[in-house]
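Chain letters run A, B, ... following the sequence lines, proteins first, then strands; residues in each count from 1.
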Amino acid sequence: MSEPTAPAEYDAREAQEKWQAYWADHETFRPLDDGTKQRRYVLDMFPYPSGDLHMGHAEAFVMGDVVARFWKLRGYDVLHPLGWDSFGLPAENAAIAHGTHPAQWTYANIETQARSFRRYGLSVDWSRRLHTSDAEYYRWTQWLFLKFYEKGLAYRKASYVNWCPSCMTVLANEQVVQGLCERCHSVVTKRQLTQWYFKITEYAERLLDDMAQLEGKWPDRVLAMQRNWIGRSQGAYVDFPVEGQSTVITVFTTRPDTLYGAMFMVVAPESDLAAELVTPDCLTDFEAYLERTKQATEIERQSTEREKTGVFLGRYAINPLTGERIPIWTADYVLSEYGTGAIMAVPAHDQRDLDFARAHGLQVRMVIDTGEDDPTQSGVATAGDGTYVNSSELNGLRDKKSGIAAICEKLERDGTGRSAVTYRLRDWLLSRQRFWGCPIPIIHCPVDGEVPVPEDQLPVELPDLRGAALAPKGISPLASAKDWVNTTCPRCGGLATRDADTMDTFVDSSWYFFRYCSPGDTNKAFEHDDVTRWMPVDQYVGGVEHAILHLLYSRFFTKVLFDLHLVDFTEPFTRLMNQGQVINRGKAMSKSLGNGVDLGAQIDQYGVDAIRTTVVFAGPPEDDIDWADVSPSATLRFLQRAWRVAKDVSSPVGSDPATGDVSLRRVTHRILNDITELLDIRRFNVCVARLMELVNATRKAIDAGPSGADPAVREAAEFTAVALSLFAPYVAEEMWQALGHTPSVAETSWPEVDPDLAAAQVVTMAVQVQGKVRAKIEVPADISDAEAEKLALADENVGRYLAGRIVAKVIVRAPKMVSIVPAA
RNA sequence: GCCGGAGUGGUGGAAUUGGUAGACACGCAGGAUUUAGGUUCCUGUCCCUUGAGGGGUGAGAGUUCAAGUCUCUUCUCCGGUACCA
């Protein structure tokens, strides 16, 4: 009779099919949510459905999966959902190109990605899947907009906005990257438009203060970026009366102590103030200058190397401290959006003001003597500390802090100024002149003005527009859908029009993590109780490219929802991890470089497990992976070795490991102990390395030691299967089954470490003489300090180095180290 | 400029609270198995000397019995941001 021969290798493809189906059928990763276990929420930044998954997804999503699987095995009830950020421009562009509806491209890609994610072995509860472009989802995006509106946090205003001439839509400040459109890299220009904004600036202080909750739990660089972006400045407002007018120009300055050196004023050209101040004599020059400013692109305008241009407005202001008459200019180096849109210029101590003064022959007065060269001569403004001069009551003072305090006090007394804080953060412009987004639920009525769509009429669904009807025209495609845009006013019943803009897709993604807690809820955006049970998110995982935009907006939303009493916490994401990118040969993968690596092809060749494990093993999760530096084939070999170890276990299920080989058990428990700690601090790459050690040790035990029948070998193989299931879930399931277990390794629990076994018995003690290791002695782990010192001093080699010298000092750190210091 | 972060073999990277630097891999070299290739397995692999010797974590100082780790100075690289008053 012929014995069926076991395959020499595990079949990745077969295992993938088999266990994918098993996990789906048994809803293995659906949380119990019954309160029997402590809850944990693991969240991956949800994907945008642009084609199939790529290498970047492979890295991004495996990290969260390791955490989710680990926590599940550790006995937590884990919520690990996934959905799609499915509104956005690429779908619309594809629809225009193919004469179709954006939904077609979007949902086809979602299906492709969903299949790939399942194959990739993510431990996701698919019953909570959501898509932001579903009416059942965006209904609640609209509902939230209306809540913000009621609270006065959503408002419309006319202003100069960033305009992308290629996307033909406005952009938020955050979407302009070095003067270019974040998406298409076109040069961004300015347009005056009336647009919707969220009043995020009202939350600036709280967004800043609450970062204390995140310190140490979010990457430093992300916190730093948010802090810089919010850009808090402490300073003062100072009022300058305008000569011969009742107008007062208020400026913001961080250095009120240099007020005695304010030699002129500059107002932003686009500001109302400039138009108001300009005298008829100067009007022609001013208008020409204003025109030039508007034409300038963001890049030109932001270039610091540019010479300082500007024109005199024909008027003078009065320095409130000195009573001096100082000229008022306009120049584009002053921004209308920051502070008050006007500055006092202190050329001696501000480089920009100095450059401007020198370009236009304005006076310079030094008010702080720093000991450096006179800025008037050197052309270099002195910004450092020094002694006040030419500053009346401040003269002789050296301390900047008291200088600022003294001036602020004086201004406040005179009623000409007050200390103040300003922020770089601007309100969030959320209108977009595009189709494939969430409609803004506002109706414009000639009688009643802005009227919110009543809640019971939500969602305001998108009309069926496709192909050429979506082509960008500079106004929203929705505006030309007459049947849709023309409606009646909910208040007066008269003819009215819908707001034809859609929302920035960052609005959709600012609350999806709440929705996962109450999937499919038809009465609410989310249930307060659901959110309270699961949130805040315990571990958020995503790319650092969202360090500012998405995270800031989500934090803002959470605070608003807190104020609306819809949630009980103020920060949505307790811990944040930024995974790195996958690059190839030192460069980002791109078609033009021809260095792309196809995830699907990699998986076909090596299997999901090998790719997941390769990604994890390549380095720390937050580092980039250069695909040229890694070896999926070597990782696959390791997985095969692990699998063969499980196959070679011949002891029965439930064998008592205590009867097994103790030295292998020591290795197993030491490594188990280390891996448990390493997972908590998210050093996944080291975990894989330790598992390789364990597999090597087990192999050795099978081949050259106690053999596969030893229960210690079974113990080692079982732990390997459990730990490996975080990284290589399919092969782990196969191992678990080969070891005689059912049903799924994902359903078992993390093994208990035996501390006696994990602790080393024998330790190599290093003996140093004058800081250099001169002997290594094997000692029992529980050796006493006295015994360790005795052994160390008795060592032959140590004796040679001491060479009869007197021992001045002995430091003992039993059992690891004895350090001997001979007398000089 | 300002703010973050990082510099360790040929390569990716290890190294609790300062306590044997280079774990685990890749690559390379040699060997076993194989008709061959591949696979698998074994041995070696920081550098210089090659005897139990010396040097070594970007550079330079410092603290310490002991520094990759702490302090100061400095250089380089990466990321963010920048007429923000």
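- Using a 4.0 Å heavy-atom cutoff across all strands shown, Arg683(A) reaches sugar-phosphate atoms only and no base atom.
- Of the candidate nucleotides U16(B), C65(B), A23(B), C65(B) has the atom nearest to the side chain of Ser819(A).
- When both distances must be under 3.5 Å, the Watson-Crick or G-U wobble mate of U76(B) is A6(B).
- Residues Thr250(A) and Thr340(A) approach most closely at O-OG1, 2.6 Å, considering heavy atoms.
- Side chain Arg813(A) to base G19(B): a donor-acceptor pair is found below 3.5 Å.
- Trp229(A) carries Arg424(A) over the face of its six-membered ring, with the cationic atom under 6.0 Å from the centre and within 45° of the normal.
- Among the heavy atoms of the strands lying under 4.0 Å from Lys776(A) is at least one base atom, whether or not backbone atoms are also near.
- Checking U11(B), A85(B), U20(B) against the side-chain heavy atoms of Asp629(A) singles out U11(B) as nearest.
- G79(B) takes the anti form, because its glycosidic angle lies more than 90° either side of 0.
- Contact detail for Gly580(A) and Glu59(A): the closest heavy-atom pair is O-OE1, 3.0 Å.
- Each of C24(B), U20(B), A85(B) was ranked by its minimum atom distance to the side chain of Tyr338(A); first place goes to A85(B).
- Across all strands shown, U81(B) forms a Watson-Crick or G-U wobble pair with G1(B), both key distances being under 3.5 Å.
- Taking the charged nitrogens against the carboxylate oxygens, Glu677(A) and Arg670(A) have no contact shorter than 4.0 Å, which rules out a salt bridge.
- The Phe617(A) side chain lies nearest to A25(B) when the options are A14(B), G79(B), A25(B).
- With distances taken from any side-chain atom of Asn685(A) to the nucleotides G19(B), A85(B), G13(B), the minimum falls on G13(B).
- Distances were taken from every side-chain heavy atom of Arg774(A) (C-beta onward) to each of A15(B), G54(B), U20(B); the shortest belongs to G54(B).
- Out of G4(B), A82(B), C26(B), the shortest distance to the side chain of Arg424(A) is found at A82(B).
- The interatomic distance linking Glu622(A) (CD) with G13(B) (P) rounds to 11 Å, in whole Å.
- A 3.5 Å limit on both hydrogen-bonding distances identifies no Watson-Crick or G-U partner for G56(B).
- Atom CZ in Arg637(A) sits about 16 Å away from atom P in C24(B), given to the nearest Å.
- Side-chain atoms of Gln351(A) and base atoms of G1(B) include no donor and acceptor less than 3.5 Å apart.
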